There are 2 protein chains.
Amino acid sequence: MDRVRNVTGKTKRLPRYVREQQMLDAAVQMFARRGYHAASMDEVAELAGVSKPMVYLYLGSKEELFLACIRREAGRLLDAFAGQVNQADAPDQQLWHALRAFFVLVAENRDSWRVLHQQAPAHGEPFAGEVAAMRTAIIAFAADLIDQNIRSRGVSEATEHDVSALAHALVGAGESLADWATEHPDEDPATTARRLMNFAWMGLDNLLHGSIWRP
Amino acid sequence: MDRVRNVTGKTKRLPRYVREQQMLDAAVQMFARRGYHAASMDEVAELAGVSKPMVYLYLGSKEELFLACIRREAGRLLDAFAGQVNQADAPDQQLWHALRAFFVLVAENRDSWRVLHQQAPAHGEPFAGEVAAMRTAIIAFAADLIDQNIRSRGVSEATEHDVSALAHALVGAGESLADWATEHPDEDPATTARRLMNFAWMGLDNLLHGSIWRP
DNA sequence: GTCCCTTCTTACTTACCAGTAAGATTACTG
DNA sequence: CAGTAATCTTACTGGTAAGTAAGAAGGGAC
């Protein structure tokens with residue numbers, strides 16, 4: 001990221017908020033590509049077009065910088081979910097819209113996804129906890145959809161525990177497909193979402209009709 | 001890990017192979033609990049009941065030590081799969097046996113699982129590549145089972161691409177459930193395996209009978 | 001008992017990088 | 001056009017942990 005220069009060749013000054021976002025952009029990229037430890041503050045600063053003390057002035061420390069990245073990207077992901085979900089829709093429609101939004105977001109922000117999914121959980125507290133909280137919210141959303149579906153059919157002897165396990169499996173399948181999708185950039189995110197709907201929802205459908213797999 | 005002492009109070013010497021395994025045990029534990037970077041070679045050595053230069057003498061460097069951990073644990077995981085699979089069984093039985101072995105292994109070796117699933121992929125090459133290779137083998141196994149099932153029913157227009165996506169989703173669901181299971185140590189691994197069989201196989205069953213989810 | 005190979009330790013060097021002190025420069029404000 | 005409140009830099013310090021040099025000591029072979 002070359003630094004903007006004015007006519008006299010001197011470096012242009014930018015307001016704090018703009019610089020902070022540039023720093024976060026640079027940090028997300030570095031953390032995603034090199035990993036938390038291998039990414040040096042000097043490199044982040046250089047990529048942001050700024051000197052190192054500026055990063056410390058605005059973001060505090062390497063830990064706080066990483067946390068700020070995680071919070072920003074986690075917020076975006078949750079917003080993408082929330083923005084697509086309409087409580088009035090049927091459960092499968094809610095899941096469909098949420099998944100589509102998710103795969104679109106991941107396709108457009110691979111580095112963010114790597115930071116959230118691969119880097120943050122591996123580097124202990126407080127990073128892992130922050131991502132775990134986000135993931136818990138997503139799993140709760142999935143569990144709620146499954147639960148709605150169960151109740152609407154009156155089928156079930158499923159406990160909260162059972163539903164939680166299913167939600168974890170569903171979210172894990174989504175995460176894995178997100179990784180798979182980054183290796184197939186040609187695929188439309190909506191197609192990926194359809195794949196997961198079929199894999200997961202059809203399985204649930206079978207389950208909820210009392211069709212159980214036995215050893 | 002206190003060092004073994006003989007009657008005179010002097011430290012007991014052990015043959016190289018035994019020490020190496022102790023070092024790897026200690027390293028897996030440290031890497032899993034503290035993370036790759038936060039785990040220091042001094043701590044690993046102390047936990048193994050040995051001084052740091054011994055670790056360097058036998059295992060080479062921190063990178064090689066981590067790689068050795070990954071290779072050993074990945075090998076065990078693949079062996080656990082291979083040992084349970086009988087080609088003569090029906091596809092669902094093969095998957096069932098493999099999943100049960102997998103969840104048993106994870107329940108008994110949480111640290112190994114954390115190293116393979118959480119630490120190794122986050123710290124770049126050559127670690128990520130080593131785990132990716134193992135994961136590719138597992139996904140190929142899953143894809144093969146799905147494919148067998150498809151062919152045996154003669155149902156399908158599924159491409160290799162489609163099958164690969166399903167296999168990725170299935171494996172991701174398994175990984176996520178493995179994490180979930182470590183938070184529920186009371187649950188029998190076989191029960192966890194049954195959960196996944198129901199979630200995944202019932203979904204596939206529906207798919208293969210031509211029952212497709214549509215937006 | 002004594003030779004000698006393997007196991008094992010203490011005590012050090014060195015490189016890297018997070019974090020900072022001190023001050024220069026720009027541009028807004030009255 | 002001063003005064004001043006931001007933005008921004010160069011040049012440094014210090015702590016931490018990877019990696020190593022040099023040699024001590026157990027224990028099997030004969």
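Note that the structure is a prediction, hence the values are computed from the model and not measured. Quick note on labels: first sequence line is chain A, next is B, and so on, each numbered from 1.
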Engineer: Look at all strands and tell whether Met54(B) reaches a base, only sugar-phosphate, or nothing, counting heavy atoms closer than 4.0 Å.
Structural biologist: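 Base, at least one base heavy atom under 4.0 Å.
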Engineer: Does anything in residues 55-71 of chain B reach DNA chain D, meaning a heavy atom under 4.0 Å, and if so which residues?
Structural biologist: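 The stretch gives Tyr56(B), Ser61(B), Lys62(B) as the residues lying under 4.0 Å from the strand, ordered by number.
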Engineer: How would you label the contact of Ala39(A) with the nucleic acid (heavy atoms, under 4.0 Å): base, sugar-phosphate, or nothing?
Structural biologist: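 Since only primed, P, OP1 and OP2 atoms lie under 4.0 Å of Ala39(A), the category is sugar-phosphate.
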Engineer: Whole Å only: how far is the CZ atom of Phe31(A) from the P atom of dA18(C)?
Structural biologist: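 It works out to 9 Å between those atoms.
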Engineer: What nucleotide among dA11(C), dC8(C), dC8(D) has an atom nearest to a side-chain atom of Ser51(B)?
Structural biologist: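 The listed nucleotide nearest to Ser51(B)'s side chain is dC8(C).
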Engineer: If the threshold is 4.0 Å, N to carboxylate O, is there a salt bridge linking Arg34(B) and Glu43(B)?
Structural biologist: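 The answer is yes: the pair qualifies as a salt bridge.
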Engineer: OP1 or OP2 of dT6(C) sitting under 4.0 Å from any side-chain N/O of Arg19(B)?
Structural biologist: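 For Arg19(B), the contact criterion (side-chain N or O under 4.0 Å from OP1 or OP2 of dT6(C)) is not met.
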Engineer: Among the nucleotides dT20(D), dT9(C), dT9(D), which one has an atom lying closest to any side-chain atom of Lys52(B)?
Structural biologist: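 Given the options dT20(D), dT9(C), dT9(D), the side chain of Lys52(B) is closest to dT20(D).
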Engineer: Measure from the side chain of Arg13(A), starting at C-beta and using heavy atoms only, and say which of dT7(C), dT26(C), dT10(C) lies closest.
Structural biologist: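 Closest nucleotide to the Arg13(A) side chain: dT26(C).
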Engineer: Can you check the Asp42(A) CG to dT10(D) P distance for me, whole Å?
Structural biologist: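 In whole Å, dT10(D) P lies 11 Å from Asp42(A) CG.
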Engineer: Looking only at the aromatic ring of each residue, does the gap between the centers of His37(B) and His123(B) stay below 6.0 angstrom?
Structural biologist: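 His123(B) vs His37(B): aromatic centres under 6.0 Å.
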Engineer: With Glu130(A), which of Arg72(A), Arg135(A), Arg71(A) fulfils salt bridge (charged side-chain N to carboxylate O under 4.0 Å, His left out)?
Structural biologist: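 Only match with Glu130(A) under salt bridge (charged side-chain N to carboxylate O under 4.0 Å, His left out): Arg71(A).
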Engineer: By nearest heavy atom, map Arg16(B) and Tyr36(A) onto DNA chain C; which one lands nearer the 5' end?
Structural biologist: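 On the 5' side of the pair lies Arg16(B).
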Engineer: Are the side chain of Gln84(B) and the backbone N or O of Ala98(B) linked by a donor-acceptor pair below 3.5 Å?
Structural biologist: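 No, Gln84(B) side chain to Ala98(B) backbone: no donor-acceptor pair under 3.5 Å.
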Engineer: For the aromatic rings, using the six-membered ring if either is Trp, is the centroid distance between Trp113(A) and Phe102(A) under 6.0 Å?
Structural biologist: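 Yes; Phe102(A) has its ring centre under 6.0 Å from that of Trp113(A).
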